[in-house]
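See below for the structure under consideration.
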Amino acid sequence: MNTAAARALCTRCARPQRNCICALAARVDCAPEVLILQHPLEVHEAKGTARLLHLSLPRSRMEIGEQFDALQLQGWIEQDWHGDALAPAPHAVLLYPQAPHDPALPLAPAPPLPAQWLQDPAHLRLVVIDGTWRKSRKMLYLNPQLQQLPRLALRDLPASRYAIRRAHRPGQLSTLEATCCALAQLEPANHALERLLQAMDALVARQSQWQQAATGCMEP
Ligand SMILES: [Zn+2]
């Protein structure tokens, strides 16, 4: 592969072709739809997991931005993604913890999550924010529609398998892990979800190889 080809971006995963992660994606069918809102600073983050998540979930959509056009965001939250105007509006739920008050970025209290929504996962649309803790909070602050969504809090958090991002502290999960955990909560019998974690493990392994290769190149 010549240098220009090596630098060219893959049109699916937006990574340089030599680092393309498309082959790592594992198709995983699940009942809820997943809307991934990615902060622009995460787009070229080599260690990010949101793109792999999107590539693995046929019923997902990924949009990039910090402050979205309100009408456009409303459409992504409420409307059928295939243009079916007669489709019933999905039950949109935001994957976000009950965060402590922050006077710099105050949030409106989230409405309660109706228990009956959880009985019908096929009509749920899980909204996921992909960004650092601070950036996610800012996106929530800048997009009041997201504050108006009932929130799904994760319970029984597993230890993170995601070991390549130093900023990660115990109890913090990657976007893929947190979404997988939420989907497992919504659809406990869906054992295919384990494949999402396996895809992430493969990404982590590849990433370590690249890092080692890069370090090796710099050595005399
Ligand atoms: Zn790719």
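We use all heavy atoms of the structure for the numbers below, so side chains are in, but hydrogens, waters and symmetry mates are not. Along the sequence shown, residues are numbered consecutively beginning with 1.
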For A192, side-chain contact (heavy atoms from CB on, under 4.5 Å) partners two or more places apart
V28, N190, R195
In this structure, CZ of R151 is separated from CG of L107 (nearest 0.5 Å) by 6.0 Å
To the nearest 0.5 angstrom, please state how far the CD1 atom of I21 sits from the OG1 atom of T49.
9.0 Å
What's the separation between atom OG1 in T132 and atom CE in M139, rounded to the nearest 0.5 Å?
10.0 Å
Contacts table for residues 83-90: side-chain donor-acceptor under 3.5 angstrom, sequence neighbours left out:
| residue | atom | partner | partner atom | Å |
| --- | --- | --- | --- | --- |
| D84 | OD1 | L86 | N | 2.9 |
| D84 | OD1 | A87 | N | 3.4 |

Once salt bridge (charged side-chain N to carboxylate O under 4.0 Å, His left out) is applied, what residue pairs with a partner in residues 67-82 remain, sequence neighbours excluded?
none
Can you list every salt bridge (charged side-chain N to carboxylate O under 4.0 Å, His left out) pair that touches residues 101-124, not counting sequence neighbours?
D102-R134
Angle class for the W117/H91 ring planes (parallel below 30°, perpendicular above 60°, tilted otherwise)?
parallel
R12: which residues meet the side-chain hydrogen bond (donor to acceptor under 3.5 Å, both in side chains) condition with it, sequence neighbours left out?
none
Would you say the side-chain atoms of Q145 and Q74 include a donor-acceptor pair closer than 3.5 Å?
yes
Hits for side-chain hydrogen bond (donor to acceptor under 3.5 Å, both in side chains) against R125, two or more places apart or cross-chain, chain-then-number order -> E33
To the nearest 0.5 Å, atom NZ of K135 lies from atom CD of E66 at 7.0 Å
Interatomic spacing from CG in L113 to CG in L152 - rounded to 0.5 Å:
6.5 Å
Inter-residue atom distance R59.CZ - H54.NE2, 0.5 Å rounding:
14.0 Å
